[in-house]
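Report on the structure given below.
Chain letters run A, B, ... following the sequence lines, proteins first, then strands; residues in each count from 1.
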Amino acid sequence: MSLLKWIRAKSPWILHFNTGGCNGCDIELLAAFTPRFDVERFGILLQGSPRHADILAVTGPVTLQVRERLIRIYEQMPEPKYVLAVGSCACSGAPFKDCYNVIGGVDKVLPVDAYVPGCPPKPEAIIDGIVKLIQKIEEGGTCEKRR
Amino acid sequence: MSYGSIVKVPFGPQHPALKEPEHFLFEIDGEIIVNVKPRIGYNHRGIEKAFERRTYIQNIYLAERICGICSDAHTTCYTQAIEDLLGLDAPPRARYIRVIVAELERIHSHSLWLGIAVHEIGFDTFFMYLWRDREAVMDILELISGNRVHYAMNTIGGVRRDITPEIIPKIIRSLDFLEKRTKYYMKALRSERTVLKRTVDVGVLKPKDAVELCAVGPTLRASGVKNDVRGDDPYAAYDEIPFNIVTDDGCDVFSRMLVRCGEILESINMIRYALDHMPSGMLRVRMPMAVKPGEAVSRVEAPRGELIHYVKSNGSTRPERYKVRSPTLANIPALCRMFIGQHVADIPIILAGIDPCFACMDRLVFIDVKTNKRKSLDFESFSEMVRKQRNFRLA
Amino acid sequence: MRREDRIVTKLREKLKEKIITINVPRERRIFIHIKPDALRESIKFLRDIGFRHISTITGVDTGDSIELIYHLALDGSIELSLKLKVQKDDHKVPTITDIIPGVVLYEREVHEMFGVNFEGHPDLSPLILPEGWPRNIYPLRKKYTLEHLRNSIFKEEDEK
Amino acid sequence: MAIIAEAIKWLLKHPVTIKYPFEREAPPKGFRGRPVWDMHRCIGCGLCSRICPSGAIEIIGRGQEAKIKHYVDRCLFCGQCSESCPRNAIKLMNDFEHARYNRDVMIYEYKRET
C-alpha cells in the first residue's frame with residue numbers, strides 16, 4: 001500500500017470549484033499555477049473534470065443554488081478524495097454568513113481536510129495549505145471515514 | 001446550412017462576480033447558434049439585503065467583496081456615494097491615490113483577462129507569459145495596500161494608506177517594465193496567426209446594437225462608441241489627469257483585445273502623471289457616525305465598464321436601501337446578441353470577450369433533443385473538443 | 001445656463017403636471033419624481049433627447065408602496081433618476097423593453113426581488129434566485145428580514 | 001511566431017519561480033496579516049468586536065478582565081480593528097501561513113496577565 005500512497009502524494013490533481021465567492025480566491029488559486037509560484041513542481045495539475053481529480057479546492061461561501069452541484073461534483077470524484085477550503089468564506093462563510101442565500105462554510109456540506117483562511121490567501125499561503133494536505137495524504141488515513 | 005433540428009446546449013453555471021455566474025442555454029442548429037437564454041444567479045449571495053444590516057464602515061468591506069477583481073472600483077463607488085450623502089469631499093491627495101490604485105487595478109484586471117482570452121483559444125504559452133508579467137503589478141499593489149487582491153484602500157472621507165516617497169521609484173520601475181511588455185504583447189497579438197484566425201470577425205457587436213442594448217466599458221468602446229465614465233462623469237481626480245479614451249472600430253473580439261491593451265498603456269501614463277503631480281496634504285476627513293436622510297447615485301468606470309451604486313439613507317447608522325449594478329450584468333444582453341449566428345466553437349472566446357471573470361466556468365451538460373440523451377462534459381474537455389473541431393474546419 | 005437646467009426645463013414643458021418633484025442635488029445628477037402613468041411617455045421623450053443608455057432599475061420598498069427608480073444616462077455624462085411609486089397590491093407597470101431593449105434583465109431582476117409585474121415583458125422567468133425558491137417571497141421587501149428568510153428557506157431545505 | 005522567439009530568449013534566463021516552501025520571501029512592509037492584541041494596552045472597550053465586518057472578534061467581559069477571542073477562519077484581514085482601536089493595542093503581523101486541518105485550532109485567545 002505504501003507505493004500507492006506514495007503515488008497519490010506525488011501527483012494529486014486539483015479540481016477547482018467556485019461556490020459563490022467573490023473571485024479573489026479564484027485568481028489567487030490560478031496565480032499559484034502560473035510561473036511565479038508554479039505548484040506543478042509538486043506534480044499538481046489543475047483539472048477540469050471531477051472524475052480525474054483527487055483534491056477539490058472550494059472557494060466561496062456555499063450558496064443555495066450551487067449546493068446540489070457541489071455535492072454532485074464531490075460524489076463524482078474517485079476515492080480517496082480530499083477537500084481543501086480556500087479562503088475565509090469557504091472556511092466559515094465570513095462576511096456572508098448571515099445572508100439569506102448562503103449556507104456558510106464548506107464543512108456544512110462536505111467533510112473538509114484542510115482550511116486555508118485569508119481574504120484572499122496569498123498564492124504562497126495556498127501552496128502552504130496544499131503542502132500540508134499532501135503531508136496528510138502521505139500519512140494516509142482519512143479516506144475511509146467519509147460519507 | 002440547416003440541419004433541421006435544434007439542439008439545446010446548456011452552458012455553465014459558474015461565474016464569480018456579484019450576481020453574474022452565468023448559465024446559458026444555447027439552441028443550436030447544426031453548428032450555428034440560433035438562440036441563447038441566460039440564467040444567472042449561481043453566485044447570488046444576497047449582498048444588497050446584507051447591506052441594510054451593517055453599519056456604513058462595515059459595508060466598505062462588504063462592498064469590496066462583491067467582486068475580487070474590481071474590488072477597488074466597488075469601494076470607490078461606495079465611498080463616493082456616502083460622501084455625496086454626507087456632503088464631504090475627499091482631500092486632493094486621497095483623490096489622486098484613488099486614481100493610482102484604480103488604474104493599477106485596471107492594469108491587473110486587463111492583463112488577467114488577456115491571459116484568460118488567449119487561454120480560451122488554446123494559446124497557453126502566451127497565457128503563462130502574461131500572467132508572469134502580471135505579477136509585477138500585483139507586487140506594487142501589495143506594496144501599496146498590504147494585500148494582493150482586496151486592497152481596502154478607500155474609506156469614507158479619503159484613503160487609509162499613503163503612497164510614501166520610498167516606494168515611488170519601485171512603482172516607476174515596474175511601470176517601465178509593464179509598458180515594454182505590453183507594447184510587445186500588442187505587437188505579438190497583431191502578428192500571431194492563431195490569435196487572428198480565432199478572434200477577427202468573431203462575436204461582432206455593431207455600434208447601433210451596442211448602444212441599444214446598453215453595453216458598457218471596453219465592450220462598448222470596441223464597437224467604436226466613445227463612452228467612458230472617467231471622461232464623461234469624472235470622479236476622484238480624473239478631471240485633472242489627461243488621458244485618451246481608447247476605441248476601436250473592429251466590433252469583434254480582436255478589437256476588444258486591442259482596446260484593453262491600449263487601456264493598459266493609457267493607465268500606465270495616467271499613473272506616471274498622477275505620481276508626478278500628487279498634491280501633499282491629509283489623507284482623510286473624519287465622518288460622523290450617522291448619515292443624514294437622502295439618496296445618492298454614484299458611478300465609477302470599473303475595469304469592465306460602468307458601475308453604478310445607489311444608496312438611500314434614513315438617518316440612522318445603516319443604509320435603508322443599497323443597490324449595486326455591476327458591469328457584467330449590463331453586458332449580458334449585448335453578449336446574447338453577439339452569439340447569434342456564431343459557431344459553437346466560438347462560445348468560450350465570445351463569452352470571455354466581455355470579460356466576465358471566467359476562471360471557474362467548468363461544467364457543461366449536453367442534451368440532445370432528439371434522443372434526449374444527457375452527456376456531461378467539463379469545461380476543459382469542451383474547450384479541447386471545440387478547439388479540435390475548429391482546427392479541423394480551418395484545415 | 002447649465003445643461004442640467006436645460007434638460008429640466010425641457011422636461012417641465014413636456015410633462016407639465018405629471019411631474020411631482022425635480023431635484024438637482026449636484027452637477028450631472030437629476031432626480032425626477034413622476035406620476036406612474038407617465039412612465040412610457042417620459043422614457044420615450046428622454047430617449048429622443050439623448051438618454052439612450054439605461055444604467056439600471058432600482059426598487060425601494062417604502063412601506064405601503066414600491067418605488068421604482070430608472071437610472072438613465074445622457075451619452076454617459078448626466079445621470080437622471082426617474083422615480084415613480086407603484087402600489088404593492090396592484091403592482092402593474094408597463095414594460096419599456098420595446099423602447100430601450102437593454103432594460104430586459106433589469107426588469108426581470110426587479111420582478112424577482114420585489115414582485116413588480118411588468119406588463120408586456122417577453123420573459124419574466126426566474127433569473128437570480130435559486131431553483132425551488134418559494135413563490136411570493138420577494139427577498140428585498142422590508143417585510144422579510146434576514147432571519148425570517150433564513151428560517152423559512154433553510155427549514156424547507158432541512159425537510160428535503 | 002513572435003512568441004517562439006520570446007520563449008527561446010527566456011529559456012536562457014534565470015527562472016522566475018519562487019521555490020516557496022523551501023525559500024520564503026517575506027511579505028512587504030505594511031502587509032495586512034493576522035491581528036495580534038497587546039493586552040497591556042487593551043482597555044476592553046469592545047470597539048474592535050463591534051466594528052469587525054465579519055464578526056471574527058469576540059469579547060468576553062469588559063474592562064481589565066476582558067478576554068478576546070479571535071477567529072482566524074472568519075477574519076477578512078482588513079485591518080479595520082487595528083485602525084479603530086483607541087489605544088493602538090492591535091498590531092498586524094506579517095505572517096500568512098494559517099492553513100490548518102481543523103477549525104478549532106484557529107481560535108486565538110488573548111487575556112491580560114496579572
Given side chain to side chain contact (heavy atoms under 4.5 Å, CB included), test E28(A) with M138(B) step by step and report yes or no.
CA-CA 11 Å; E28(A) 294 295 76; M138(B) 299 303 275; 4.0 Å; yes

Would you call I27(A) and H108(B) a side-chain contact if the rule is heavy atoms closer than 4.5 Å?
yes

Note: P95(A) and L62(B) closest approach over all heavy atoms is CB-CD1, 4.0 Å

May I ask you to decide whether D98(A) forms a salt bridge with K49(B), counting only side-chain N to carboxylate O separations under 4.0 Å?
no

Just do the side chain to side chain contact (heavy atoms under 4.5 Å, CB included) check on C89(A) and R65(B) with the steps written out, would you?
CA-CA 10 Å; C89(A) 295; R65(B) 275 147 191 89; 5.9 Å; no

Can you say whether A94(A) sits under 4.5 Å from chain B via the side chain, the backbone, both, or neither, judging by heavy atoms?
neither

With the threshold set at 4.0 Å, does a side-chain nitrogen-carboxylate oxygen contact exist between R36(A) and D139(B)?
yes

Please check: side-chain N/O of R148(B) versus main-chain N/O of P120(A), any donor-acceptor pairing under 3.5 Å?
no

Bottom line for Q58(B): the part with an atom under 4.5 Å from chain A's heavy atoms is neither

Might you point out which heavy atoms bring C99(A) and A50(B) nearest each other, and give the distance in Å?
SG-CB, 3.6 Å

Determine the option with the most heavy-atom pairs under 4.5 angstrom with chain A, choosing from E135(B), R53(B), R132(B).
E135(B)

Distance (rounded to the nearest 0.5 Å) between L112(B) CG and T34(A) OG1
10.0 Å

Step by step, work out the side chain to side chain contact (heavy atoms under 4.5 Å, CB included) result for I116(B) and L30(A).
CA-CA 11 Å; I116(B) 299 288; L30(A) 206 54; 4.0 Å; yes

What's the separation between atom CD1 in I47(B) and atom CZ in F96(A), rounded to the nearest 0.5 Å?
4.5 Å

Working to the nearest 0.5 Å, report the span between CZ of F33(A) and CZ of F127(B).
10.5 Å

